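Notes for the one structure printed next.
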Amino acid sequence: MAEVVIVPTADAAGALVAAEIARLVRARPDAVLGLATGSTPLPVYAALREALTGVDVSHVRGFALDEYVGLDPRHPQSYRSVIRREVVEPLGLDPDRIHVPDGRLDGIEGAGDAYERAIAAAGGVDLQLLGIGSDGHIGFNEPGSSFASRTRVKTLTRQTRADNARFFDAPDDVPRHCITQGLGTILDARHLVLLAFGAGKAAAVAGAVEGAVTASLPASAIQLHPHVTVVVDEAAAAELRYADYYRETWDAKPAWQGL
Ligand code: PGA
């Protein structure tokens, strides 16, 4: 099962995960990071500035989970822009090694397969950061997504568009379509790190970690993966049935083990 770590704050989660990423990059300078967007991973990126101080990041590679379809790549809310602003520039990564699915309409039919080939050519993702949608999506794999799915175009649910409206001037400005790594793509990463903060994520987290494995809750796919770390604050952990057990396990964890 997933290792569940309950931390007091999002900043504590950021520090914990950033330390693990720094450990990975020190051991493997051309590590392949799976990058997530949205609010959730921001504390990780913030903590990485310090955690990566003095670490050579010039060979680090990265693949974002998803992108909006039909949004100008230069739009400030395109995930290409977000990844550049939140990750590439502050951490000093090589932009040529950091990839985002191509959501431009011209050529969209081939964009999913091209992205899959690029991930395979890089040797796969070492550590995949994941947020979780209030509807249980990971990446933009909305409820009903096949566990075998690969990178492809999807339609966003009304709930996801409402959740993401805060990033746009008007709710109708949120694109209807996205291109996202599939659940099968995500499950191929060697280590999944799912983060969630706040009461709005509690039901989705409990379902993903302890509920039935079902396409109706795409994040429950993590139960099929052999190496998953779920890092949540108290509010997001509130509906976990075995929270006390997770705390005991974490307290008793040998320091050498890493995440
Ligand atoms: P959020 O989104 O981090 O902005 O809450 C999570 C997600 O949709 O995966």
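We're numbering straight along the sequence, starting at 1. Note that ligands are numbered from 1 as they come in the structure, with each ligand's atoms numbered from 1 the same way. No hydrogens, no waters, no symmetry mates; every other heavy atom, side chains included, goes into these values. In this text, all values refer to a predicted model and were calculated from it rather than measured experimentally.
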Thr185 and Glu116 side chains, donor-acceptor separation under 3.5 Å = yes
Counting heavy atoms only, name the option from Thr40, Thr37, Leu42 that's nearest to atom 1 (P) of ligand 1.
-> Thr40
Closest non-hydrogen protein atom to atom 8 (O) of ligand 1, residue and atom name please, with distance?
-> His137 NE2, 2.6 Å
Salt bridge or not for Arg241 and Glu210, using N-O below 4.0 Å?
-> no
Test ring pair (Phe, Tyr, Trp, His ring centres under 6.0 Å) on Tyr68 and Phe168 and set out the steps.
-> CA-CA 13 Å; Tyr68 292 113; Phe168 290 83; 5.6 Å; yes
Which of the numbered atoms in ligand 1 are below 4.0 angstrom from a heavy atom of Lys201?
-> 1 (P), 5 (O), 6 (C)
Which is it for Arg166 and ligand 1 at heavy atoms under 4.0 Å: side chain, backbone, both or neither?
-> side chain
So the atoms of ligand 1 within less than 4.0 Å of a heavy atom of Gly38 turn out to be 3 (O), 4 (O)
For Thr9 and Asp11, test the side chains for any donor-to-acceptor distance below 3.5 angstrom and give the result as yes or no.
-> no
Could you tell me whether Ile132 approaches ligand 1 through its side chain, its backbone, both or neither, with non-hydrogen atoms closer than 4.0 Å?
-> backbone
Salt bridge present between Arg104 and Asp106 (N-O < 4.0 angstrom) | no
